[in-house]
2 protein chains.
Amino acid sequence: NINKVRGIAHDTNVAKITVVRVPDQPGVAAAIFVPLAEAGISVDTIVQNASIENCTDLTFTVTRDDLPRAIEVTEKVTQRIGAERCVSAVGLAKISVVGTGMQSTPGYAAKMFRSMKDAEINIQMITTSEIKITCIISEGRVEDAVRVLHKEFGLARGE
Amino acid sequence: NINKVRGIAHDTNVAKITVVRVPDQPGVAAAIFVPLAEAGISVDTIVQNASIENCTDLTFTVTRDDLPRAIEVTEKVTQRIGAERCVSAVGLAKISVVGTGMQSTPGYAAKMFRSMKDAEINIQMITTSEIKITCIISEGRVEDAVRVLHKEFGLARGE
Ligand SMILES: C[C@@H](O)[C@H](N)C(=O)O
Ligand SMILES: C[C@@H](O)[C@H](N)C(=O)O
């Protein structure tokens, strides 16, 4: 049973903006991210879930320093595309289990989420790729998350 | 201006399940993914956006073959955690722009989303990592998406 997890990554310079109830039609994602790129704002994570009744939310993360300008740009777009409103938050952190080939073996996400549950850490957002399972959590819980995930995945501190 | 995009990846064996209106509290993600892992079901992409009013949706993708069993497991969990319902869909595809260091340079997501807009392809879900910007779209549009993204990012066919 090869442990495919190579390490735990975390980032505490995380602020998020959610554009709430965007119309789910072609061109909306472009309408939000083209102005941000033109303003020179680097977007880290982007999350959009499947829409229900033709509306969905679109969330992205930026550094704390970029948040004020990102909010300014996004508020204008929110009006223009007819989304309901945009909300933002700071005090977040990104925690990731990093590995290879995790998707072909069930259980890594389950294991990560069960550790978070045992530590009573609320998972605010989830996004995955073949090599990473990433959760957004409260910044205040990131040390606990790093510690429990190292323990759960049998990693030495610093991996 | 180095083109950091290495290629376009796509996958047409994509079915999704969304657990609608899950309570946003510790343990809910574990409650969904532990039973799936125990049933030996490989989950590919997981997406959860930030909650509004303490509820959010949790979506994951599986292969078409695994969908019936995944639905069976998930429907039981949906009841148990007090989520509103679970919905599923087939006929989807995953399309990704693959590159390195994209997040430190604004514009790659904007470029991808603008190509989708120009081709009038609706983006149903978005998830990102440092090396990939992934969109879930209709399976029927995947050939168009692959073609326009190759063109937009200056890639030869097959990259
Ligand atoms: C919501 C947004 O992603 C929209 N579906 C688009 O294609 O741009
Ligand atoms: C919704 C789900 O992710 C929940 N917040 C949890 O921590 O399990």
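Scope of the values below: all heavy atoms of this structure, side chains included, with no hydrogens, waters or symmetry mates. Numbers restart at 1 for each chain; the letters A, B, ... are given by sequence-line order, proteins then strands.
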Specify which of [options] makes the most heavy-atom pairs with chain B at under 4.5 Å.
{"options": "A:Ile133, A:Asn49, A:Val47, A:Thr127", "answer": "A:Asn49"}
{"options": "A:Ile41, A:Thr18, A:Asp24", "answer": "A:Asp24"}
{"options": "A:Gly27, A:Ala119, A:Cys135", "answer": "A:Gly27"}

Next on the checklist: Under a 4.0 Å threshold between the charged nitrogen and the carboxylate oxygen, would A:Glu38 count as salt-bridged to B:Arg114?
Outcome noted: no
Next on the checklist: Just verifying a value: how many Å separate A:Lys117 NZ and B:Gln25 CD, rounded to the nearest 0.5 Å?
Outcome noted: 11.0 Å
Checklist outcome for this item: If one checks every heavy atom of A:Val20 against chain B at 4.5 Å, the contacting part turns out to be side chain
Next on the checklist: Given heavy-atom pairs under 4.5 angstrom as the criterion, report whether the side chain, backbone, both or neither of A:Lys16 touches chain B.
Outcome noted: side chain
Item to check | Structural part of B:Ile123 lying under 4.5 Å from a heavy atom of chain A | outcome: both
Next on the checklist: Please say yes or no: joined through hydrophobic side-chain contacts below 4.5 Å, possibly via intermediate residues, are A:Ile81 and B:Met112 part of one cluster?
Outcome noted: yes
Checklist entry - Would a hydrophobic clustering, with Ile, Leu, Val, Met, Phe, Trp and Tyr connected at side-chain separations under 4.5 Å, put A:Val34 with B:Val97? => result no
Next on the checklist: Out of B:Pro26, B:Ser96, B:Ala39, B:Ala30, return the one with the most heavy atom pairs under 4.5 angstrom to chain A.
Outcome noted: B:Pro26
Checklist outcome for this item: From the list A:Val28, A:Ile46, A:Ile32, side-chain contact (heavy atoms from CB on, under 4.5 Å) partner of B:Phe113 resolves to A:Ile46
Checklist entry - Is a donor on one side and an acceptor on the other found under 3.5 Å between the side chain of B:Gln124 and the backbone of A:Ser51? => result no
Checklist entry - What heavy-atom pair brings A:Ile126 and B:Ala29 nearest, and what distance separates the two atoms? => result CD1-CB, 4.3 Å
Item to check | Interface residues of residues 54-62 of chain B facing chain A - non-hydrogen atoms under 4.5 Å apart | outcome: B:Asp57, B:Leu58, B:Thr59
